[in-house]
*Asks:* 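If you scroll down you'll find the structure; I have some questions about it.
Below, each value reflects all heavy atoms present in this structure, side chains not excepted, and no hydrogens, waters or symmetry copies. In listed order, ligands and their atoms are each counted from 1.
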Amino acid sequence: MKDDLEKILEKALKTKTEPQKGRRPEPLKRKVLAMVFEKPSLRTRVSFEIGVSQLGGTALYIGPDEVQMGKRETVADVAKVLSGYANGIMYRAFSNEVMRELAKHATIPVINGLDDMEHPCQCAADLLTILEKKKTLKGLQLTYVGDGNNVCNSLLLGCAITGMNMRAATPKQHAPNAEILAKAQAIAQEKGCVVEALSNPFEAVEGADVIYTDTWVSMGQESEKEEREKLFLPYQVNAKLAEKASKEWIFMHCLPAHRGYEVSEEIMDGPHSVVFDQAENRLHAQKAILAAVL
Ligand code: CP
Ligand code: NVA
């Protein structure tokens with residue numbers, strides 16, 4: 001994926017901005033994507049389902065109570081059974097370990113539709129959005145503020161691969177995954193950009209072209225809600241925090257958003273916000289991914 005990311009972004013941008021003349025190509029004709037969800041979803045489910053259908057294939061939704069990965073049967077058995085029916089699996093999982101286990105035993109491609117460690121399809125859509133808005137990625141400064149979660153981890157890798165500088169400002173105990181950060185820093189060094197984790201959000205937003213945040217309470221962390229909402233309060237993206245950003249900065253959020261918590265209403269619904277373009281770009285980025293891997 002590392003070497004393919006830039007090609008995928010190019011392809012997504014091209015198919016989004018240059019509508020096909022005549023009959024649309026159907027690279028997924030007679031192909032089926034099995035979509036296994038252990039958690040709720042609006043964007044991932046709908047954008048994959050529509051994307052597959054626009055490419056001529058069929059997407060099959062399999063909800064949280066149906067497979068019961070590793071409980072009703074082993075992950076390896078699920079992987080082998082689905083590999084006999086479908087051409088690809090899109091999996092939204094609680095655990096990155098189970099995601100990898102499924103991919104190890106499947107004989108068809110497995111697309112990560114979010115787990116506790118990563119959210120790569122979101123990251124592809126985010127980079128596509130930045131590319132559209134800023135016309136380039138290389139050398140830009142993205143500042144992520146809030147929880148060092150799955151979305152933050154994938155952005156660290158995505159920014160490094162595409163030569164963007166990234167600062168992640170989080171409370172120390174919620175810093176991004178150390179292994180992913182080290183991997184992103186090694187890639188960044190090759191690409192000539194800087195990826196760093198810090199804790200002061202004001203320092204982190206200086207000169208930012210993009211300010212990005214996500215929920216303080218990810219799916220599966222509901223029991224920590226109260227404690228997290230107190231701890232993360234200084235990390236809210238609001239007008240005061242954004243004062244030191246670059247003049248033409250854009251605000252990004254993977255959604256769902258919580259106004260008054262990780263982002264103020266004025267920023268979320270204000271002129272810098274590109275969150276709905278970002279949501280739409282899930283469709284375009286994923287169509288390029290699907291066409292490349294299925
Ligand atoms: N951003 C995102 O993945 O949204 P959903 O959880 O609604 O799929
Ligand atoms: N970090 C969030 C992203 C939701 C799309 C979560 O995992 O719940």
*Asks:* Hey, what else clusters with I50 if you join Ile, Leu, Val, Met, Phe, Trp, Tyr whenever side-chain heavy atoms sit under 4.5 Å?
*Replies:* L42, V46, L283

*Asks:* Do NZ/NE/NH1/NH2 and the carboxylate oxygens of R45 and E49 come within less than 4.0 Å?
*Replies:* yes

*Asks:* Would you say Q122's side chain and H119's backbone share a donor-acceptor pair under 3.5 angstrom?
*Replies:* no

*Asks:* Is the NZ or CZ atom of K39 positioned over F94's six-membered ring, under 6.0 angstrom from the centre and within 45° of the axis?
*Replies:*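 Yes, K39 and F94 form such a contact.
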
*Asks:* Rounded to the nearest 0.5 Å, what separates atom NZ in K133 from atom CD1 in I250?
*Replies:* 7.5 Å

*Asks:* Answer with yes or no whether D116 contacts ligand 2, where contact means a heavy atom under 4.0 Å from a ligand atom.
*Replies:* no

*Asks:* Tell me the residues surrounding ligand 1, counting only those with a heavy atom closer than 4.0 angstrom, sorted by chain and number.
*Replies:* S41, L42, R43, T44, R92, H119, Q122, C254, L255, R282

*Asks:* Looking only at protein heavy atoms, which one is nearest to atom 8 (O) of ligand 2, and how far off is it?
*Replies:* M219 N, 2.8 Å

*Asks:* Taking N or O atoms only and a 3.5 Å limit, does R92 qualify as a polar contact for ligand 2?
*Replies:*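 There is no such contact.
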
*Asks:* Does any N or O of ligand 2 fall below 3.5 Å from an N or O anywhere on T215, backbone included?
*Replies:*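 No, T215 has no N/O under 3.5 Å of an N/O on ligand 2.
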
*Asks:* Return a yes/no value for D214: is any of its N or O atoms, backbone included, closer than 3.5 angstrom to an N or O of ligand 2?
*Replies:*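 N/O-N/O distance below 3.5 Å exists for this pair.
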
*Asks:* Rounded to the nearest 0.5 Å, what separates atom NZ in K80 from atom CD in E73?
*Replies:* 11.5 Å

*Asks:* So does E227 pair up with K230, basic N to acidic O under 4.0 Å?
*Replies:* no

*Asks:* Short list, please: which atoms of ligand 2 are under 4.0 Å from a heavy atom of L114?
*Replies:*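 Listed by number with element, the hits are 3 (C), 4 (C), 5 (C), 7 (O).
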
*Asks:* At under 4.0 Å between heavy atoms, is it the side chain or the backbone of D147 that contacts ligand 2, or both, or neither?
*Replies:* neither

*Asks:* Hey, is ligand 2 close enough to L255 that some N/O pair sits below 3.5 Å?
*Replies:*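 No, L255 has no N/O under 3.5 Å of an N/O on ligand 2.
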
*Asks:* Please write down residue, atom name and distance for the protein heavy atom closest to atom 7 (O) of ligand 2.
*Replies:*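 It is N150 ND2, 2.8 Å.
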
*Asks:* Mark up the atoms of ligand 2 that fall under 4.0 Å of a heavy atom belonging to N149, in ascending order.
*Replies:*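 Selected atoms, number and element: 1 (N).
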
*Asks:* Should S218 be counted as touching ligand 2, given the test is an N or O pair under 3.5 Å?
*Replies:*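 Yes.
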
*Asks:* Please determine whether residues V52 and I289 belong to a single hydrophobic cluster, defined as Ile, Leu, Val, Met, Phe, Trp and Tyr linked transitively by side-chain heavy-atom distances below 4.5 Å.
*Replies:* yes

*Asks:* Please say whether the positively charged group of R167, taken as NZ for Lys or CZ for Arg, lies over the ring of Y144, i.e. under 6.0 angstrom from the six-membered ring centre and within 45 degrees of the axis.
*Replies:* no

*Asks:* Look only at the side chain of S246 and the backbone of A208, and say whether a donor-acceptor pair between them is shorter than 3.5 Å.
*Replies:*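 It does hold such a pair.
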
*Asks:* Can you tell whether the side chains of K183 and E179 come within less than 4.0 Å, N to carboxylate O?
*Replies:*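 Here K183 does not pair with E179 in a salt bridge, since their nearest N and O are not under 4.0 Å apart.
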
